[in-house]
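Have a look at the structure below, then the notes.
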Amino acid sequence: MGRTLRNALAMLLVMTLVTGVIYPMLVTGIAQLLFPAQANGSLVLKGGRPVGSALLGQAFTAPGYFWGRPSATQPRPYDGASSGGSNLGPANPVLRQAVQQRIRQLRAADPGNPAPIPVDLVTASASGLDPDISPAAAQYQVARVARARGLPPGQVQALVAAHTAGRQWGIFGERRVNVLELNLALDGLQAR
């Protein structure tokens, strides 16, 4: 009995060291060597200070900024601690009401824009934290942002084009625009 207990405790100690210390340190070291930006949270810096992550959306509501996808997290939008979708189906009246409310808000913010509203501006992503919008969603907002900032629409349009990322490895996913990075570029444009 004593020998079995001693062997079990020794095995517990060895496995704790291997799986709890050595393996995590090895994986972290490799990640820091090969993918340092991603290993550190894909931080977006402004003036050398972190202002967010390229992987997490932020709530922009001022008319002079591009707005991201709605967040499904509660009680605060884009809260990584409560990530998850609403799980409301397309026939659910709560989802329909939320979408209609978002459409009214977008129309009120830009009453002269008759274009169809892209679906990603009125529906939340599965995580509720999506940092990207479609190029169509960015194009929909160009006139409002340009007007609010007193910029020529062509200049804002060029900024959107410059911040439109292609498909991953040319085949996966869709083209997208990171809202935080685009808004920081807008602020940088204003500063000049």
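Just so you know, these numbers use all the heavy atoms, side chains as well, and skip hydrogens, waters and symmetry mates.
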Does some side-chain heavy atom of [Y] sit less than 4.5 Å from a side-chain heavy atom of [X]?
{"X": "Asp132", "Y": "Val177", "result": "no"}
{"X": "Phe66", "Y": "Val142", "result": "yes"}
{"X": "Lys46", "Y": "Asp187", "result": "yes"}
{"X": "Pro131", "Y": "Asn178", "result": "yes"}
{"X": "Asn40", "Y": "Gln32", "result": "yes"}

If only atom types and distance count, is the side chain of [X] paired as donor or acceptor with the main-chain N or O of [Y] below 3.5 Å?
{"X": "Arg144", "Y": "Pro63", "value": "yes"}
{"X": "Arg6", "Y": "Met1", "value": "no"}
{"X": "Trp67", "Y": "Leu106", "value": "no"}
{"X": "Arg69", "Y": "Thr123", "value": "yes"}

Output the distance between atom [atom1] ([X]) and atom [atom2] ([Y]), rounded to the nearest 0.5 Å.
{"X": "Ile117", "Y": "Arg107", "atom1": "CD1", "atom2": "CZ", "answer": "4.0 Å"}
{"X": "Glu181", "Y": "Leu186", "atom1": "CD", "atom2": "CG", "answer": "12.5 Å"}
{"X": "Thr28", "Y": "Tyr23", "atom1": "OG1", "atom2": "OH", "answer": "9.5 Å"}
{"X": "Asn7", "Y": "Leu12", "atom1": "CG", "atom2": "CG", "answer": "12.5 Å"}

Looking only at heavy atoms, what is the nearest atom pair of [X] and [Y], with distance?
{"X": "Ser71", "Y": "Ala124", "result": "C-CB, 4.2 Å"}
{"X": "Asp110", "Y": "Ala143", "result": "OD2-CB, 4.5 Å"}
{"X": "Arg175", "Y": "Gly166", "result": "CG-CA, 4.2 Å"}
{"X": "Pro111", "Y": "Ala108", "result": "CD-O, 3.5 Å"}

Open item on the list: Before you tell me yes or no, could you show the steps for Gln58 and Asn183 under side-chain hydrogen bond (donor to acceptor under 3.5 Å, both in side chains), namely the whole-Å CA-CA distance, both residues' side-chain angles and the distance that decides it to 0.1 Å?
Closed with: CA-CA 11 Å; Gln58 292 187 18; Asn183 284 334; over 6 Å; no

Going only through I, L, V, M, F, W and Y residues with side-chain contacts under 4.5 Å, is there a path from [X] to [Y]?
{"X": "Val99", "Y": "Val94", "value": "yes"}
{"X": "Leu26", "Y": "Leu34", "value": "yes"}
{"X": "Val160", "Y": "Leu151", "value": "yes"}
{"X": "Leu182", "Y": "Leu189", "value": "yes"}
{"X": "Ile103", "Y": "Tyr140", "value": "yes"}

Open item on the list: With a 4.0 Å cut-off on N to O distance, would you call Arg176 and Asp130 a salt bridge?
Closed with: no

Task: Worked verdict on Arg104 versus Gln101 for side-chain hydrogen bond (donor to acceptor under 3.5 Å, both in side chains) - done: CA-CA 5 Å; Arg104 284 191 294 276; Gln101 175 62 27; 3.0 Å; yes

Task: ring-ring contact (aromatic ring centres under 6.0 Å, His included) against Tyr65, all qualifying residues, sequence neighbours excluded - done: Phe60

Task: Residues Gln100, Val122; criterion side chain to side chain contact (heavy atoms under 4.5 Å, CB included); working and verdict - done: CA-CA 8 Å; Gln100 290 301 321; Val122 295; over 6 Å; no

TODO: Name all pairs fulfilling the side chain to side chain donor-acceptor pair (under 3.5 Å) condition that reach into residues 150-170, sequence neighbours left out, sorted by first residue then second.
DONE: Gln139-Gln157

Task: Under the side chain to side chain contact (heavy atoms under 4.5 Å, CB included) test, residues paired with Ala137 that sit two or more places apart - done: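 With sequence neighbours excluded, Ala137 shows a side chain to side chain contact (heavy atoms under 4.5 Å, CB included) to Pro118, Asp120, Leu121, Ile133, Ser134, given in chain and number order.
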
